[in-house]
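As structure tokens, the structure follows; a few thoughts come after it.
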Amino acid sequence: MALGVAYRGEAYHGWQSQPSGRTVQDHLEKALSAFAAMPVSTLCAGRTDTGVHGLNQVVHLDTPLQRELFSWVRGTNRYLPPDIAVQWARVVPPDFHARNWARRRRYAYLLLESPVRPALERHACGWVFKPLDGEAMRAAAAHLIGEHDFSSFRSIDCQALSPVKRLDAISITHRGAYWRFDVAGVAFLHHMVRNIMGCLVAVGTGSRPPEWMAEVLAARSRDAAAPTFAADGLYFMGPSYDAHLQLPEHTPAMDWLP
């Protein structure tokens, strides 16, 4: 089975299971095991950190249980906390692998530009109190497109075998007080998107020129980049798979984001 899962990340210590049990994976597996009346383990398409949200996290699981697809959704959600919900369920080939079969992954970062900190949208967006220059940020982002060594944007705790990744697109849109940054690529390093965001905000606020982004990339050193930006506004939009699998790439919460 493959499932699509949405969650708010602020209450959890990231996706990956931990002894504390306070992770999204821990809660999902507990709910699945209750629904299936047997132990269930899952593997996800892309792990998220503490505070990061997921709109279409895809997981796979192996089970002998035969149930209607809607039962997997409603039955599992019965045992989940209010800020985690299975969105859809699909039968997939026996060798399907949520992480290895993903062709692309997408993230979005929601950023509030305001002299006053967020209140209603607390934990749901990042915040900057200085005005942002969209054209400068787009010029800076252009330096990152393609295949590069992203060591400058890599966390010290990153376990990836190689820092070389490929970014396919970074789009930056503006609606009212909110900026949205959409980032797409094959795979990402630990904290990579948040470290890119830190640099884009530095450029957008005028602290650095757009061409500085190329210098950061070329340095291949985390010390060259800006500090890691807040997790609050980061959303894992989900992976893409081969079309024949017919796995959904859209959930209702995606229509909620600006």
Side-chain angles (χ1 to χ4, degrees), residues 8-11 14 48-55 106-146 148 150-158 165 167-185 188-237 253-258:
R8 291 279 298 243
E10 67 263 28
T48 52
D49 294 326
T50 299
V52 177
H53 316 294
L55 297 189
R106 297 176 297 138
Y107 287 87
Y109 197 98
L110 186 61
L111 180 64
L112 171 66
E113 177 195 321
S114 171
V116 180
R117 61 172 173 79
L120 293 179
E121 65 276 59
R122 178 174 174 259
H123 294 311
C125 66
W127 173 50
V128 61
F129 59 85
K130 294 182 179 180
L132 293 171
D133 183 335
E135 291 307 310
M137 291 190 292
R138 292 183 187 98
H143 293 290
L144 303 178
I145 303 304
H148 304 285
F150 283 95
S151 292
S152 294
F153 305 93
R154 182 181 192 176
S155 162
I156 192 172
D157 297 321
C158 183
K165 302 297 176 185
L167 278 188
D168 296 326
I170 301 178
S171 66
I172 303 172
T173 54
H174 188 202
R175 195 186 81 177
Y178 295 94
W179 292 83
R180 176 169 166 170
F181 302 76
D182 284 277
V183 185
F188 291 84
L189 301 169
H190 189 223
H191 284 178
M192 181 172 163
V193 177
R194 290 170 59 193
N195 290 333
I196 288 174
M197 279 301 306
C199 292
L200 288 176
V201 169
V203 171
T205 56
S207 298
R208 299 285 188 171
E211 54 270 21
W212 172 70
M213 188 71 85
E215 297 174 9
V216 172
L217 185 65
R220 300 182 182 180
S221 169
R222 183 70 192 92
D223 294 336
T228 305
F229 213 65
D232 293 357
L234 184 58
Y235 295 80
F236 180 44
M237 304 296 282
M254 293 180 185
D255 298 329
W256 172 80
L257 289 181

> Is the closest side-chain heavy-atom distance between R175 and R180 below 4.5 Å?
Replying inline: no
>> Tell me whether H53 contacts the main-chain N or O of D232 through its side chain, where contact means a donor paired with an acceptor under 3.5 Å.
In response: yes
>> Can you list everything that forms a salt bridge (charged side-chain N to carboxylate O under 4.0 Å, His left out) with E10? Sequence neighbours excluded, please.
In response: R8
> Who passes ring pair (Phe, Tyr, Trp, His ring centres under 6.0 Å) against F181, sequence neighbours left out?
Replying inline: none
>> Using the side-chain hydrogen bond (donor to acceptor under 3.5 Å, both in side chains) criterion, which residues pair with D157? Sequence neighbours excluded.
In response: none
>> Show me the pairs that pass side-chain hydrogen bond (donor to acceptor under 3.5 Å, both in side chains) and involve residues 122-145, at least two apart or across chains.
In response: E135-R138
>> Per the side-chain hydrogen bond (donor to acceptor under 3.5 Å, both in side chains) rule, what does the pair list look like for residues 107-118, sequence neighbours excluded?
In response: E113-W179
> Any side-chain heavy atom of D49 within less than 4.5 Å of one from L234?
Replying inline: no
Extract all donor-acceptor atom pairs below 3.5 Å that involve side chains of residues 219-227 and protein atoms in other chains or at least two apart in sequence.
| from | atom 1 | to | atom 2 | distance (Å) |
| --- | --- | --- | --- | --- |
| S221 | OG | D223 | N | 3.3 |
| R222 | NH1 | A226 | O | 3.1 |
| R222 | NH2 | N195 | OD1 | 2.8 |
| R222 | NH2 | A226 | O | 3.0 |
| R222 | NH2 | T228 | OG1 | 3.1 |

> Which residues satisfy the side-chain hydrogen bond (donor to acceptor under 3.5 Å, both in side chains) test with T48, sequence neighbours excluded?
Replying inline: Y7
> Do you know the tightest heavy-atom contact between L200 and M137?
Replying inline: O-CG, 3.4 Å
> Which pair of non-hydrogen atoms, one from C125 and one from L112, has the smallest distance, and what is that distance?
Replying inline: SG-CB, 3.9 Å
> So, do V216 and F153 sit near enough that their side-chain heavy atoms are less than 4.5 Å apart?
Replying inline: yes
>> Listing request: all salt bridge (Lys or Arg N to Asp or Glu O under 4.0 Å) pairs with a residue in residues 193-216, at least two apart in sequence or in separate chains.
In response: none
> Is any side-chain heavy atom of L132 less than 4.5 Å from a side-chain heavy atom of T205?
Replying inline: yes
> So, does R154 use its side chain to make a donor-acceptor pair with the main chain of L189 at under 3.5 Å?
Replying inline: no
>> Tell me which pairs pass ring pair (Phe, Tyr, Trp, His ring centres under 6.0 Å) where either residue lies in residues 190-220, with sequence neighbours left out.
In response: none
>> Taking the side chain as everything from C-beta on, heavy atoms only, tell me whether M192 gets closer than 4.5 Å to L167.
In response: yes
> What residues form a salt bridge (charged side-chain N to carboxylate O under 4.0 Å, His left out) with R106, not counting sequence neighbours?
Replying inline: none
